[in-house]
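Read the structure below first, then the notes.
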Amino acid sequence: MTPRHVKRLLLFTLTAVLLGLSIQQGFGHAWQSQYTYAFAPAAKALPQAASQSAKPPVAAPVEPDVPDATPQALSKRVVEYNINVALQSDARSLYGEQTVTWTNPGKKTVSELYFHLYPNAFYSDKTTFMRESKGKLREDKATANSQGYMKLSSLETLEGESLLPRLHYVQPDDGNADDFTLAKLKLPVPVAPGKSVTLQMGFDVKLPEVFARMGYSGSFIMAGQWFPKLAVYETAGMRGRTTEGWNIHQYHGNSEFYSDFGIYTVKIQVPETYTVAATGFQTKAPSSTGNGEHVYQFYADDVHDFAWSASPDFVYVEDTLSGTGIPGVRIKLYLDPAHEAFKDRYMHAAKSALSKYAQWYGEYPYSTLSVVVPPKGANGAGGMEYPTLVTAFAADNDNPGYSLERTVVHEVGHQYWYGMVASNEFEEAWLDEGFTSYAEDKVMESVYGVVPNNALEASYLTDPAPLKQPSWAYNSHNHYAENVYMRGKLVLLGIENQAGSRTMQKIMRTYFQKYKFKHPTSSDFQRVVEQVTKEKWNDYFNQFVYNDLMADFSIESVQAKPVEQDGQKLYESVVVVKKNGGVNGPVSVLLQFKDGSSLPKEWNAEESNIQYKVVHTSPVIWAAVDPKNVNVLDNKHINNFMLAELPEQTRTRWGLSVAKIIEGLLGALSW
């Protein structure tokens, strides 16, 4: 998902003025771009489903008109979904029926299943998602109509045995009895290793007015996380597990998603005036139900989610792309009419991003890529990724800058790190967001000449935190975004600065090729870094991934005094440089003398500080550590520079109170 910045001009101006005092070399663009019994007691029960007679008819089940599954599976196809869903006449709710088959990938017999019921995050202001997010995601806020839910109307075996009495809501993360986003089902017959269980389910979804990824805005529909979805059963050795078991978490304010790969056959019934965009590819032309509705049918395999969007207003544009790593892809734009004039920019961004990622990291194996542009006011659905489908920011701006391209480039990047590598975004979000932000910058610079200002971005990091931790462990959404997007990206750049750009490209490609469709961890990535560089990176990962350090260095003092040597008047200059955090390779130091000469030094930073004493014909007038801002993990450039000529009380540094004001201003800005 893409974080959205506000007040960029104000921030840029303020920061440029403040940091200009510390000899920074000018700035480019600021960085741009988230056990209760199920049906009792009544006070905590979800709303009852509407009566069956009140629902519009779902298209009659027929044999799916889809091709055979890809002969050679790219993933472990643990799940298979066959779903029929209808957008009800109010265009505010869904009714769906699904048959889901789960195959036990482990070596132990499994007696329970866990389902994510994500729409229940919007059931009340007491859910875990709403408590943590306070009804806000990025700049988008919940409205009075942003209440929603998912109600299971049926849950049966193939033999017709109802399993609803066996279903219980669970809250393993926080014990919040008002949270209904995760449910445990005790199976009547356990599933042996390698065997499967198939269930039939009926469900109603009340869509919220969109503010957090899913919902409606006018006649626009974004159906993300809209069906009962099985959690991931992790086998021993997967993601460092010593014993196999379910990876289960509620829906949190910051967390995104984690699912198993599988096969999806989905039929979507909408009013005949609507156009549907969806994961996978459309298997045949829409068919009429005879009552003013059309049924769209889609198929996808080797994906771990399925999303769709619908609107009567979409402007559809299609083109094809083939090249290195792209055997042939149909790129489909579903534009809001307000942005129809920008169709070439959207298409160019999608093609450029996909081409670069395929060239750098590996093949894009799917036949489609869809880009949805939500209407004005629906930005809560914007800037989000799903397998083979992404959403751009809403068509709010009549004259969008590079944010248009950047958002598309970012979300297409997620097809690799979220879509195929499929990191666990509950627990290690940086492996998706940080990697995607890193890749996004590379495309923006390569294709559009937009050079990131890493020094400025690092200055946003007022509260560094470990990257390997649950998404909900961060203090706020800002805190989450600063770390998993920005700090995560800078950690990758820090590796690149030490290993070199060509080696870093090999690291990223090796990681993708080795772990696509496998749900890796931070330690898996570390092993790839060590394999490619043939060096140990324990210290680096311990400091910057598993801990909260930044690589901050400061000039502590600059002194110059006249001395006599062999009857000649000279000056003894003493500069003290201090290490205030972790080490990100050697750091450069520059001493500038009054006569215009300078003396560069390089410090390995193995000690806590170093003193340079130089006797010269001219006194030192200033000193700087990392004068070219090579150290991307330094988030306090204000202490990198010091004049020798200032009075003692000023020379030691700006007052702590001023520094805190600056940090407060930076930290207060929204994502």
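Computation of the quantities below employed the complete heavy-atom set of this structure, encompassing side-chain atoms and omitting hydrogens, waters and symmetry-equivalent molecules. All values reported here derive from a predicted model rather than from experimental measurement.
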Close side-chain approach of Tyr296 and Gln282, heavy atoms under 4.5 Å: yes
Taking the six-membered ring of Tyr416 (Phe, Tyr or Trp), confirm whether the NZ or CZ of Lys516 is under 6.0 Å from its centre and within 45° of its axis. no
Give the minimum heavy-atom separation between Phe306 and Ile268, together with the two atoms involved. CE2-CD1, 4.2 Å
Looking at Trp360, Phe435, Tyr361, Tyr438, which one forms a ring-ring contact (aromatic ring centres under 6.0 Å, His included) with Tyr511? Phe435
Have a look at His637 and tell me which of Asn631, Asn629, Asp626 forms a side-chain hydrogen bond (donor to acceptor under 3.5 Å, both in side chains) with it. Asn629
Between Lys514 and Pro520, is any pair of side-chain heavy atoms under 4.5 Å apart? no
Just by distance, do the side chain of Asn635 and the backbone of Leu461 share a donor-acceptor pair under 3.5 Å? yes
Arg138 side chain near Asn379 side chain, heavy-atom distance below 4.5 Å: yes
Begin with the C-alpha distance, continue with both residues' side-chain angles, and end with the deciding distance and a verdict on side-chain contact (heavy atoms from CB on, under 4.5 Å) for Tyr546 and Ser523. CA-CA 10 Å; Tyr546 308 125; Ser523 56; 3.9 Å; yes
Hey, is the main chain of Val528 close enough, under 3.5 Å, to the side chain of Asp524 for a donor-acceptor pair? no
Flag, side chain of Ser255 to backbone of His252, donor-acceptor distance under 3.5 Å: yes
Side chains of His116 and Tyr251 only: does a donor on one sit below 3.5 Å from an acceptor on the other? no
Do Lys356 and Ser446 pair up side chain to side chain, a donor and an acceptor below 3.5 Å, judged on atom types alone? yes
Between Trp430 and the options Tyr480, Trp417, Phe525, the side-chain contact (heavy atoms from CB on, under 4.5 Å) test singles out Phe525
Closest non-hydrogen atoms of Ile248 and Ala231, given as atom of the first, atom of the second and distance, are CG2-CB, 4.1 Å
Please report the shortest heavy-atom distance between Phe129 and Ala212, naming the atom on each side. CZ-CB, 3.7 Å
Criterion ring pair (Phe, Tyr, Trp, His ring centres under 6.0 Å) on Tyr364 and Tyr357, from CA distance to verdict: CA-CA 8 Å; Tyr364 180 80; Tyr357 297 139; over 10 Å; no
Donor-acceptor pair, Asp336 side chain versus Ala395 backbone, under 3.5 Å? no
Are any of the side-chain heavy atoms of Val372 and Val390 separated by less than 4.5 Å? no
Using 30° and 60° as the class boundaries, would you call the ring planes of Phe261 and Phe517 parallel, tilted or perpendicular? perpendicular
Minimum heavy-atom distance Thr391-Glu411, with the two atoms named: O-CG, 3.7 Å
Whether the side chain of Thr503 engages the backbone of Gly500 through a donor-acceptor N/O pair (distance < 3.5 Å, no angle test) should be reported. no
The residue among Trp102, Phe115, Tyr258 that forms ring-ring contact (aromatic ring centres under 6.0 Å, His included) with Trp246 is Trp102
Decide yes or no on side-chain contact (heavy atoms from CB on, under 4.5 Å) for Thr235 and Lys107, but give the supporting numbers first. CA-CA 8 Å; Thr235 56; Lys107 296 181 178 180; over 6 Å; no
Quick one: does Glu535's side chain have a donor or acceptor within less than 3.5 Å of a partner on Val529's backbone? no
Does the pair His304 and Phe257 meet the rule for a side-chain contact (heavy atoms from CB on, under 4.5 Å), with working shown? CA-CA 10 Å; His304 53 75; Phe257 313 103; over 6 Å; no
Heavy atoms, side chains only, cut-off 4.5 Å: are Leu549 and Phe544 in contact? yes
Do Tyr299 and Asp301 pair up side chain to side chain, a donor and an acceptor below 3.5 Å, judged on atom types alone? yes
Whether the His410 and Glu385 side chains hold a donor-acceptor pair (N or O, under 3.5 Å, no angle test) is what I'd like checked. no
Between OG1 of Thr181 and CD of Gln225, what distance do you get to the nearest 0.5 Å? 11.5 Å
Hey, are Asp441 and Arg406 close enough for a salt bridge, meaning a charged N less than 4.0 Å from a carboxylate O? yes
Got a salt bridge between Lys468 and Glu428, using NZ or NE/NH1/NH2 to carboxylate O under 4.0 Å? yes
Does the pair Arg241/Glu234 count as a salt bridge with the N-to-O cut at 4.0 Å? yes
For a ring pair (Phe, Tyr, Trp, His ring centres under 6.0 Å) check, start with the C-alpha distance between Phe298 and Tyr264, then their side-chain angles and the critical distance, and finish with the verdict. CA-CA 8 Å; Phe298 293 86; Tyr264 289 82; over 10 Å; no
If the test is salt bridge (charged side-chain N to carboxylate O under 4.0 Å, His left out), which one of Arg502, Lys489, Lys442 qualifies with Glu496? Lys442
On a heavy-atom basis, the closest approach of Trp226 and Ala223 is CD1-O, 3.2 Å
Determine yes or no for a side-chain-to-main-chain donor-acceptor pair under 3.5 angstrom, with Ser471 supplying the side chain and Glu425 the backbone. yes
Would you check if there is a donor-acceptor pair between the side chains of Asp302 and Ser75 at a distance under 3.5 Å? yes
Could you check whether any side-chain N or O of Glu132 sits under 3.5 Å from a backbone N or O of Gly253, counting only pairs where one atom can act as donor and the other as acceptor? yes
Among Val371, Asp344, Leu335, find the residue that satisfies the side-chain contact (heavy atoms from CB on, under 4.5 Å) test when tested with Val317. Leu335
Side-chain donor/acceptor of Gln359 to backbone N/O of Gly325, under 3.5 Å: no
Residues Phe393, His339; criterion side-chain contact (heavy atoms from CB on, under 4.5 Å); working and verdict: CA-CA 11 Å; Phe393 277 144; His339 271 202; over 6 Å; no
Are Asn584 and Gln543 close enough that a side-chain donor and a side-chain acceptor fall under 3.5 Å? no
How about Leu230 and Tyr114: do any of their side-chain heavy atoms sit closer than 4.5 Å? no
Between Ile83 and the options Val100, Val266, Thr99, the side-chain contact (heavy atoms from CB on, under 4.5 Å) test singles out Val266
Cationic N near anionic O, under 4.0 Å, Glu318 to Arg330: yes
Considering non-hydrogen atoms only, spot the tightest contact between Gly224 and Ala307 and give its length. CA-CB, 4.4 Å
Between Pro452 and Met444, is there a side-chain heavy-atom distance shorter than 4.5 Å? no
Counting only N and O atoms by type, is there a donor-acceptor contact under 3.5 Å from the side chain of Thr368 to the main-chain atoms of Gly280? yes
